[in-house]
**Student:** 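Before we start, here is the structure in question, set down as structure tokens.
For the single chain, residues carry numbers from 1 onward in sequence order.
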Amino acid sequence: MKLLLDTADVGRIAQLMPFMPIDGVTTNPTILSKESDDPKATIDELKKLMNGKMIHAQTTAYDSHGMFEQAKTLTEYIGSNFYIKIPMTMQGLAAIEKCKAEGLNVTVTAIFTPMQALLAAKLGADFVAPYVDRLDNITSDGASVVGEIVNILENYCYDTEVLAASFKNVQQVYNVASVGTHAVTVNADLCQKLIFHPFTDKSIEDFDFDWRVKYGDKQITDFFKK
Ligand code: E4P
């Protein structure tokens, strides 16, 4: 399963990159607008941090021609591992087709139903991004929708991958992993929470305590030195 960061907070990304197995970053207009006054400067920073890993950024145009032109401009600037996020609208559908004909990478975003995902896959989308927490918040079941999308794409042998998005807690990430999502994108705080368990910390503390009681400051490899 691919793990992406759903943030443009370069400070937090830089903190996490050396430790977490991050495959890329996703942004949207909200995320970029919160980060700085200059989205190009933010994207420059993301490019440096990602060093060739995936970057996803969304179109701001309303019509398919505008979306396609923006996709070309951003792909040319960011590079071959850039994915243009195209919203699931009628204009978006036309834009997906144009982008794929041109060989551009496409993530179709704001997916809330399996039928939307199926249409995007039929047009050749590389990723579809269902919004798990936003589904949960309308008394739907985000993880079940993700599972249905995974199954439908498999039934028709589409190469499109499911990039589950919009998470507020670890349980939601676990639920979509259980139904076979191909990728998730999570914010920085949630990414850090993925490894947390109090018994993990306690177990490691106990090992350390027992070792030090017996051997003091010696490291295990000290006993192997000649
Ligand atoms: C992904 O494509 C979306 O940009 C994002 O995950 C939405 O997340 P939110 O519901 O936390 O805003």
Side-chain angles (χ1 to χ4, degrees), residues 1-28 30-31 34-35 45-46 49-56 107 109 111-112 114 117 127-151 153-154 161-225:
M1 187 188 77
K2 297 182 180 82
L3 174 63
L4 290 90
L5 287 172
D6 198 25
T7 178
D9 183 336
V10 293
R12 294 302 311 280
I13 296 170
Q15 280 171 352
L16 288 168
M17 285 299 289
F19 305 104
M20 299 297 281
I22 302 298
D23 297 294
V25 288
T26 54
T27 67
N28 62 33
T30 305
I31 287 172
K34 279 184 187 157
E35 191 54 25
E45 290 291 328
L46 294 178
L49 284 167
M50 286 304 112
N51 194 22
K53 291 176 192 253
M54 278 189 279
I55 297 177
H56 299 236
T107 295
T109 195
I111 295 281
F112 285 83
F127 289 99
V128 287
Y131 286 12
V132 176
D133 188 65
R134 295 190 194 200
L135 277 161
D136 288 350
N137 282 335
I138 53 167
T139 327
S140 181
D141 179 351
S144 296
V145 172
V146 169
E148 287 167 26
I149 294 172
V150 168
N151 288 340
L153 299 186
E154 270 173 21
E161 292 184 72
V162 179
L163 168 56
S166 177
F167 293 102
K168 292 293 171 282
N169 60 60
V170 173
Q171 185 65 35
Q172 291 169 328
V173 180
Y174 166 74
N175 289 344
V176 299
S178 299
V179 295
T181 193
H182 306 98
V184 294
T185 186
V186 296
N187 66 48
D189 286 343
L190 188 49
C191 184
Q192 216 159 343
K193 283 183 190 156
L194 294 179
I195 73 157
F196 176 71
H197 197 288
F199 280 3
T200 300
D201 296 348
K202 174 79 173 71
S203 303
I204 293 165
E205 275 170 26
D206 289 349
F207 292 141
D208 193 52
F209 179 83
D210 291 343
W211 177 270
R212 283 177 188 284
V213 164
K214 179 82 179 171
Y215 303 118
D217 287 339
K218 283 200 169 120
Q219 294 295 317
I220 189 167
T221 45
D222 290 340
F223 292 92
F224 293 80
K225 284 180 185 155

**Student:** Return the minimal non-hydrogen interatomic distance between Asp133 and Gln172, and the atom names on each side.
**Tutor:**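 For Asp133 and Gln172, the tightest heavy-atom pair comes out as OD1-NE2, 2.9 Å.
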**Student:** Measure the CZ-CG distance between Phe167 and Asn187 for me, rounded to the nearest 0.5 Å.
**Tutor:**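 It is 10.5 Å, given to the nearest 0.5 Å.
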**Student:** Would you name the heavy atoms of Thr107 and Ala129 that are closest together and state the gap between them?
**Tutor:**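 Taking every non-hydrogen atom into account, CG2-CB, 4.3 Å.
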**Student:** Would you sort out whether Met17 and Asn51 count as a side-chain contact (heavy atoms from CB on, under 4.5 Å), showing the intermediate values?
**Tutor:** CA-CA 11 Å; Met17 285 299 289; Asn51 194 22; over 6 Å; no
**Student:** Between the side chain of Thr181 and the main-chain N/O of Gly147, is any donor-acceptor distance below 3.5 Å?
**Tutor:**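 Not a single qualifying donor-acceptor pair exists.
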**Student:** Please report the interatomic distance CG(Asp208) to OG(Ser203), rounded to the nearest 0.5 Å.
**Tutor:**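 Atom-to-atom, Asp208:CG and Ser203:OG are 12.5 Å apart.
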**Student:** Do Glu35 and Asp9 have side chains that approach each other closer than 4.5 Å (heavy atoms only, starting at C-beta)?
**Tutor:**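 Yes, their side chains come closer than 4.5 Å.
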**Student:** Please step through side-chain contact (heavy atoms from CB on, under 4.5 Å) for the pair Thr27 and Leu46, ending with a clear verdict.
**Tutor:** CA-CA 10 Å; Thr27 67; Leu46 294 178; 3.9 Å; yes
**Student:** Test: salt bridge (Lys or Arg N to Asp or Glu O under 4.0 Å). Region: residues 181-204. Which pairs qualify, not counting sequence neighbours?
**Tutor:**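 For residues 181-204: Arg12-Asp189, Lys202-Asp206.
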**Student:** Is there a side-chain contact between Val145 and Phe112 in this structure, where contact means two heavy atoms from C-beta onward sitting under 4.5 Å apart?
**Tutor:**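 No - every pair of side-chain heavy atoms lies 4.5 Å or more apart.
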**Student:** Taking side chain as C-beta onward, heavy atoms only, is Glu45 less than 4.5 Å from Ile13?
**Tutor:**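 They are not in side-chain contact.
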**Student:** Could you grab the distance from atom CD of Glu154 to atom CD1 of Ile149, nearest 0.5 Å is fine?
**Tutor:**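 Rounded to the nearest 0.5 Å, the CD-CD1 separation comes to 12.5 Å.
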**Student:** Which atom names give the shortest non-hydrogen contact between Val184 and Met1, and what distance separates them?
**Tutor:**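 In this case the closest contact between Val184 and Met1 is CG2-CE, 3.6 Å.
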**Student:** Evaluate whether atom CG of Asp217 has more than 12 neighbouring non-hydrogen atoms of other residues, nucleotides or ligands under 6.0 angstrom away.
**Tutor:**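 No.
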**Student:** Of the non-hydrogen atoms in Val25 and Leu4, which two are nearest, and what is the gap between them?
**Tutor:**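 Looking at all heavy atoms of both residues, the shortest contact is N-CD2, 4.0 Å.
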**Student:** If you round to the nearest 0.5 Å, how far is OG of Ser144 from CG of Leu135?
**Tutor:**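 With rounding to 0.5 Å, CG (Leu135) is 10.0 Å from OG (Ser144).
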**Student:** Kindly check if the number of other-residue, nucleotide or ligand heavy atoms within 6.0 Å of CZ (Phe223) is above 12?
**Tutor:**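 More than 12 within 6.0 Å, yes.
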**Student:** How long is the span from the CD atom in Gln15 to the CD atom in Gln192, to the nearest 0.5 Å?
**Tutor:**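 That separation rounds to 7.0 Å.
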**Student:** What distance do Tyr174 atom OH and Asn169 atom CG have between them, rounded to the nearest 0.5 Å?
**Tutor:**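 It comes to 13.5 Å.
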**Student:** Which of these passes side-chain hydrogen bond (donor to acceptor under 3.5 Å, both in side chains) with Tyr131: Thr109, Asn137, Asp136?
**Tutor:**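 With Tyr131 as partner, side-chain hydrogen bond (donor to acceptor under 3.5 Å, both in side chains) holds for just one option, Thr109.
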**Student:** Determine whether a donor-acceptor pair (N or O, by modelled atom type, separation under 3.5 Å) exists between the side chain of Thr185 and the backbone of Asp6.
**Tutor:**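 Checking the backbone N and O of Asp6 against the side chain of Thr185, a donor-acceptor pair under 3.5 Å is found.
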**Student:** Can you name the closest pair of heavy atoms from Ile22 and Cys191 and give their distance?
**Tutor:**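 Scanning both residues, the minimum pair turns out to be CD1-SG, 4.0 Å.
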**Student:** What is the minimum heavy-atom distance between Ala188 and Leu5, and which atoms define it?
**Tutor:**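 Taking every non-hydrogen atom into account, CA-CD2, 4.3 Å.
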**Student:** Using a 3.5 Å distance criterion without hydrogens, assess whether the side chain of Trp211 forms a donor-acceptor pair with backbone atoms of Gln219.
**Tutor:**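 Not a single qualifying donor-acceptor pair exists.
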**Student:** For Ile138, is the CD1 atom crowded, meaning more than 12 foreign heavy atoms sit under 6.0 Å from it?
**Tutor:**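 Yes.
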